[in-house]
Amino acid sequence: MGGSPVGDGTPSLDSFNASAAALVKRWKEIEVDDSLPDWTWKPCSKIGAPSEVEGYLALEGVYRDYGGSQEQIGENDNSDGADVVACDTWVQSCSDNVHVYDFHVVYSYSYKVPVLYFQGHRSDGQLLTLDEIKQHLPSNSLKVLSESKWTFITREEHPHLSRPWFTLHPCATSDWMKLLLEESKVAIEEQSLRYLSTWLSVVGQAVGLKMPLELHCNS
């Protein structure tokens, strides 16, 4: 299933699904940073039966260690009791500095474009607030969020999980995707398959999600 052309920047559901399958396949073929897990397809359920038509892309369990002021105990410290307490404190401090992120790509029937949903939590499972997420975003991501008119974050109910997630609002997505697709010198059918990888290379910058350049090379 190749889907329909996406020259106007708005893929059909079939095109979205075909592009999602192409991304999952390509991701497994290239060398990806060890810190990134695999993209997977999560089928939806209709009356208890899995649907091959509806679902979403998921990149779950992305760990980010933000470091801290903790220090390891030196090898020449002979205070056994102090070692145990200090090491336990250091391990706890390290744990507090690790955040785990989940990213979902969902097709929007309203805008007819993909939408990025995401959330982050600490190692103990406590969800991060938007302020906490922004506090640890790379400087270039903060710049994108502050300067771009279309990359603003809202909190909405996840259409498949029925729980509030952060999301990048999809306004103007079709406009800038149309421009990107027009600049790419590949066949229309190939544009459809590469739609999501191209889209993610842009929206990922706003949330600190780096996409490998190899993803855009011919297999």
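All heavy atoms count here, side chains included; hydrogens, waters and symmetry mates do not. Starting from 1, each residue takes its place in the sequence as its number.
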How are the rings of Tyr109 and Tyr107 set relative to one another: parallel (under 30°), tilted (30 to 60°) or perpendicular (over 60°)?
perpendicular
Would the distance check show the side chain of Thr154 and the main-chain N or O of His169 forming a donor-acceptor pair, the cut-off being under 3.5 Å?
no
Check the pair Val62 / Val100 against side-chain contact (heavy atoms from CB on, under 4.5 Å), numbers first and verdict last.
CA-CA 5 Å; Val62 179; Val100 186; over 6 Å; no
Rounded to the nearest 0.5 Å, how far does NE2 of His104 lie from NZ of Lys42?
6.5 Å
How close do Leu168 and Leu145 get, counting heavy atoms only, and between which atoms?
CD2-CD2, 4.2 Å
Ring geometry between Tyr56 and His158 (parallel below 30°, tilted from 30 to 60°, perpendicular above 60°)
perpendicular
Taking Glu60's backbone N and O only, do any of them form a donor-acceptor pair with Trp39's side chain (distance below 3.5 Å, no angle check)?
no
What's the verdict on side-chain contact (heavy atoms from CB on, under 4.5 Å) for Leu181 and Arg194, showing C-alpha distance, side-chain angles and the deciding distance?
CA-CA 9 Å; Leu181 294 172; Arg194 293 188 182 185; over 6 Å; no
Is there a donor-acceptor pair under 3.5 Å between the side chain of Asp8 and the backbone N or O of Lys178?
no
State whether the side chain of Asp38 and the backbone N or O of Thr40 hold a donor-acceptor pair below 3.5 Å, judged by distance alone.
no
Donor-acceptor pair, side chain of Ser19 and main chain of Phe16, under 3.5 angstrom:
no
Taking the side chain from Glu132 and the backbone from Thr129, do they hold a donor-acceptor pair closer than 3.5 Å?
yes
Minimum heavy-atom separation for Gly208 and Leu137, please, with both atom names.
N-CD2, 4.0 Å
Applying side chain to side chain contact (heavy atoms under 4.5 Å, CB included), name anything that partners Leu130, two or more places apart in sequence or on another chain.
Lys134, Ile153, Phe166
Got a list of side-chain donor-acceptor pairs under 3.5 Å for residues 110-119, not counting sequence neighbours?
none

